[in-house]
Amino acid sequence: MSARAIFDSLQTLSAAAPEDAARAGFLEWAFGLPEDSVPRAEACAALRRIGGLNAHSAAARAFVGLLEEAALWPAARPARRGGRAGRKRSLH
């Protein structure tokens, strides 16, 4: 589901726990991204599409906040795998 569709559905939601609804919407959006996409770039694009829309509900505001966090998240750096010491470890 697109970020705009999720945003629109959260606008009409009057949930007791808006943060939970926003997280559920964010996860639905994130898991719906194509495998080869870059989540940070997709979050920036989603924020551009939502643009100047006013978030009337707390859930919609929280969803936009999650997208903003995803857009600012630093790119992952490759992690070391242990080198020689990692190869010496036994799996059993």
Salt bridge (charged side-chain N to carboxylate O under 4.0 Å, His left out): pairs with one or both residues in residues 24-36, sequence neighbours excluded:
none

Which atom pairs, donor and acceptor, lie under 3.5 Å between side-chain atoms of residues 18-25 and protein residues at least two apart or in another chain?
from	atom 1	to	atom 2	distance (Å)
D20	OD1	R23	NH1	2.9

Rounded distance (nearest 0.5 Å) linking atom CG of L47 with atom CD of E42:
11.5 Å

As an exercise, state the distance from CG of L66 to CZ of R61, rounded to the nearest 0.5 Å.
13.5 Å

Students should find that the hydrophobic cluster of L27, defined by side-chain heavy atoms under 4.5 Å apart, otherwise consists of F31

Just list the side-chain donor-acceptor pairs under 3.5 Å for residues 1-11, sequence neighbours left out, or say none.
from	atom 1	to	atom 2	distance (Å)
S2	OG	A5	N	3.1
R4	NE	D8	OD1	3.3
R4	NE	D8	OD2	3.3
S9	OG	A5	O	3.4
S9	OG	I6	O	2.9
Q11	OE1	H56	N	2.7
Q11	OE1	S57	N	3.4
Q11	NE2	N54	O	2.7

Student check: side-chain heavy atoms of F63 and I50 closer than 4.5 Å
yes

